[in-house]
Amino acid sequence: MAKRAQPGTRADYIDFYLLQTRWMDNDIYGHVNNVVAYSLFDTAVNGWLIDHGLLNPRTSDEYGVVAETGCRYFAEMTFPDRITAGLRIAHLGNSSVCYEVALFRNDDETAACEGFFVHVYVTRGDHKPVPIKRAHREAFQRLVFS
C-alpha cells in the first residue's frame, strides 16, 4: 500500500489569498463539504488573477477555463474558519497553467487540503485555446514552484 501523502505547509507556497467560510458551507456532518474546497480554489485563483490585473470576468478577450481538477483532504474545516489559500504554479504551458492550491485553517501551518486545477486559456468568442499572453506569463512565472 502506498504511503499517504503528508500535507504541505505555508512555506511550500509562494503567494496567499484570504477567504472566509460561510454558514452554508457546513454539511450535515458539521464540516465544510468537500465540494466547497473546489469553490475556494476557484475563488482564490480567480481573485488573485483579478487583483493582479490579469482577468476582468466581463471584458477579458481571453481567460482560463478549468480542464482538470484534483484534491487531497487532510483535516476538517468548519464555519467560521478563516481560510488562507496558498498558491503556486506547478506547470506553465503554452496555453495552460496548472495551479496548486492549499487551504489553511485559521493560523494552522499545515494544509487542511491541497489540490490542483488546470486552466486552459481560450478566446471569449469561440473558446479555442490560445497562447498565454506575455504579461500573464510574466506574472505566472512569479508563482512557479521549483
Review point. Do any pairs count as a ring pair (Phe, Tyr, Trp, His ring centres under 6.0 Å) and have a residue in residues 66-87, sequence neighbours left out, and if so which ones?
Key: Trp23-Phe79
**Study point:** Test side chain to side chain donor-acceptor pair (under 3.5 Å) applied to Asp15 - qualifying residues, sequence neighbours left out
**Key:** Trp48
State plainly whether one hydrophobic cluster holds both [X] and [Y], where clusters connect Ile, Leu, Val, Met, Phe, Trp and Tyr through side-chain heavy atoms under 4.5 angstrom apart.
X	Y	result
Ile14	Phe104	no
Ile83	Phe16	no
Leu103	Tyr13	no

Point to revise | Expected output: side-chain Thr78 to main-chain Asn26 donor-acceptor under 3.5 Å | key: no
Review point. Checking Asn56 side chain against Arg58 main chain: does a donor-acceptor pair fall under 3.5 Å?
Key: yes
Check your understanding: At what distance, to the nearest 0.5 angstrom, does CD of Gln20 lie from OG1 of Thr43?
Key -> 12.5 Å
**Study point:** Distance in Å, Leu54 CG paired with Leu49 CG, rounded so as to fall on 0.5 Å steps
**Key:** 5.5 Å
Side-chain contact test, heavy atoms from C-beta onward, threshold under 4.5 Å: evaluate it for [X] versus [Y] and give yes or no.
X	Y	answer
Asp12	Glu100	no
Cys71	Asn34	no
Tyr63	Val122	yes
Asp51	Tyr17	yes

Point to revise | Within residues 129-141 or reaching into it, pairs that qualify as side chain to side chain donor-acceptor pair (under 3.5 Å) - sequence neighbours excluded | key: none
Practice item. For Glu68, enumerate each residue passing the side chain to side chain contact (heavy atoms under 4.5 Å, CB included) test, keeping only those at least two apart in sequence or located in another chain. Key: Phe116, Val118
Check your understanding: His119 vs Tyr121 aromatic rings, parallel, tilted or perpendicular, using cut-offs 30° and 60°?
Key -> perpendicular
Check your understanding: Does anything in residues 73-85 pair up under salt bridge (charged side-chain N to carboxylate O under 4.0 Å, His left out), and if so which pairs, sequence neighbours excluded?
Key -> Asp81-Arg105, Arg82-Asp107
Point to revise | Residues Glu114, Arg72: salt bridge by 4.0 Å N-O rule | key: no
Review point. Which pair of non-hydrogen atoms, one from Thr21 and one from Pro80, has the smallest distance, and what is that distance?
Key: OG1-C, 3.4 Å
Check your understanding: Passes side chain to side chain contact (heavy atoms under 4.5 Å, CB included), Met77 versus Val36? Steps please.
Key -> CA-CA 10 Å; Met77 298 179 287; Val36 174; over 6 Å; no
Donor-acceptor pairs under 3.5 angstrom involving side-chain atoms of residues 91-99: please list them, not counting sequence neighbours.
none

